[in-house]
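First the structure, in the form of structure tokens, and then the observations on it.
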Amino acid sequence: MPENQGFRTVWGGEKIWNKLLCMYSERRHCIIPSSAQGGRGLRIPHPQNIVISQYASLEDYCTIYHNVTIGANEHKSNYRNAPSIGNRVYIGAGATLIGNIRIGNDVIVGANATVTKDVPAGMLVIGNNKIVSGNTERNPHPCLKEKI
């Protein structure tokens with residue numbers, strides 16, 4: 001992703017992005033720094049209690065539900081390494097993604113799951129780092145016209 005793109009481009013500019021950040025931070029208890037990298041089509045259906053590290057990166061058409069933490073592991077010497085999340089990833093309510101991990105494309109992270117290791121594309125994650133291969137079909141992202 002080019003350096004000048006991020007969550008700011010999703011919302012149509014720096015001024016709107018900063019206004020949304022203030023609104024979410026004050027009213028919804030969300031911490032989403034403007035320095036975090038994000039792609040197009042980010043969905044946050046219930047923007048409450050969401051924390052995203054300034055070092056995290058999300059690709060296109062991700063969905064993040066409430067009470068989600070996407071953070072760096074500050075117990076390591078280099079805590080700037082935060083999760084890198086692929087395209088069309090669904091992150092369920094209460095999920096926690098911590099550390100220098102890569103979440104592949106089309107992954108579903110279940111509600112209240114804890115993820116501290118890499119997840120290959122097309123997988124389902126439940127519980128504490130339990131990666132399940134299987135059918136990850138779901139409703140298409142509203143921004144996409146074709147089925148995922």
Side-chain angles (χ1 to χ4, degrees), residues 1-14 16-73 81-148:
M1 177 178 303
E3 191 174 311
N4 62 345
Q5 286 191 352
F7 291 124
R8 290 164 285 225
T9 60
V10 174
W11 301 105
E14 189 78 29
I16 295 171
W17 172 245
N18 287 334
K19 186 171 182 111
L20 282 170
L21 284 179
C22 289
M23 180 183 71
Y24 283 159
S25 294
E26 292 173 11
R27 296 183 186 160
R28 305 292 182 128
H29 307 287
C30 291
I31 301 172
I32 307 172
S34 61
S35 59
Q37 294 296 306
R40 299 170 301 169
L42 174 67
R43 282 186 61 221
I44 304 177
H46 305 286
Q48 298 164 351
N49 304 319
I50 297 172
V51 178
I52 299 177
S53 169
Q54 65 181 337
Y55 306 113
S57 67
L58 284 84
E59 293 183 22
D60 297 339
Y61 304 109
C62 292
T63 301
I64 301 172
Y65 275 84
H66 54 284
N67 297 327
V68 168
T69 299
I70 302 172
N73 185 350
N81 293 323
S84 176
I85 298 171
N87 291 305
R88 298 172 305 278
V89 174
Y90 171 96
I91 303 172
T96 303
L97 292 76
I98 300 290
N100 187 20
I101 58 174
R102 169 79 179 133
I103 307 298
N105 295 336
D106 302 305
V107 167
I108 296 175
V109 179
N112 294 316
T114 301
V115 184
T116 59
K117 61 183 181 181
D118 292 348
V119 179
M123 297 294 176
L124 167 67
V125 183
I126 57 174
N128 188 6
N129 279 324
K130 182 167 174 124
I131 299 172
V132 179
S133 66
N135 187 358
T136 59
E137 284 188 33
R138 60 186 190 276
N139 291 330
H141 190 286
C143 295
L144 298 174
K145 293 186 179 170
E146 71 274 359
K147 188 174 179 179
I148 301 174

Check your understanding: Residues two or more places apart in sequence or in another chain: which of them pass side-chain hydrogen bond (donor to acceptor under 3.5 Å, both in side chains) with Asn105?
Key -> none
Check your understanding: Roughly how far, to the nearest 0.5 Å, is the CD1 atom of Ile64 from the CD1 atom of Ile44?
Key -> 5.5 Å
Practice item. For Ile31 and Ile52, run side-chain contact (heavy atoms from CB on, under 4.5 Å): C-alpha distance rounded to whole Å, both residues' side-chain angles, the deciding distance at 0.1 Å, then the answer. Key: CA-CA 6 Å; Ile31 301 172; Ile52 299 177; over 6 Å; no
Practice item. Apply side chain to side chain contact (heavy atoms under 4.5 Å, CB included) to Asn128 and list each qualifying residue two or more places apart in sequence or on a separate chain. Key: Thr114
Check your understanding: Below 4.5 Å, heavy atoms only, C-beta onward: do Cys62 and Ile85 meet side chain to side chain?
Key -> yes
Exercise for review: Name all residues meeting the side chain to side chain contact (heavy atoms under 4.5 Å, CB included) criterion together with Ile101; count only those two or more places apart in sequence or in a different chain, and write none if there are none.
Suggested key: Pro83, Leu97, Ile103, Val115, Asp118
Revision key, fill the gap. Distance col, row Met123:CE vs Asp106:CG, nearest 0.5 angstrom, shows 11.5 Å
Practice item. To the nearest 0.5 angstrom, please state how far the CD1 atom of Ile98 sits from the OG1 atom of Thr69. Key: 6.0 Å
Check your understanding: What's the shortest heavy-atom distance between Ala121 and Val107, and which atoms?
Key -> CA-CG2, 4.2 Å
Exercise for review: Can you see which heavy atom on Val89 is nearest to which on Gly86, and at what distance?
Suggested key: CG2-O, 3.3 Å
Point to revise | Rounded distance [0.5 Å steps], CD1 in Ile70 versus CD1 in Ile91 | key: 4.0 Å
Exercise for review: Apply side chain to side chain contact (heavy atoms under 4.5 Å, CB included) to Ala93 and list each qualifying residue two or more places apart in sequence or on a separate chain.
Suggested key: Tyr65, His66
Point to revise | Any residue meeting side-chain hydrogen bond (donor to acceptor under 3.5 Å, both in side chains) with Asn67, in chain and number order, not counting sequence neighbours | key: Asn49
Point to revise | Min side-chain heavy-atom separation Leu42-Thr63 under 4.5 Å | key: no
Practice item. Measure across Ala72 and Ser53 and return the closest heavy-atom pair with its distance rounded to 0.1 Å. Key: N-CB, 3.9 Å
Practice item. Enumerate the residue pairs fulfilling salt bridge (charged side-chain N to carboxylate O under 4.0 Å, His left out) with a member in residues 89-103, sequence neighbours excluded, ordered by first and then second residue. Key: Glu59-Arg102
**Study point:** Atom pair CG/OG of Asn100 and Ser84 - distance to nearest 0.5 Å
**Key:** 9.0 Å
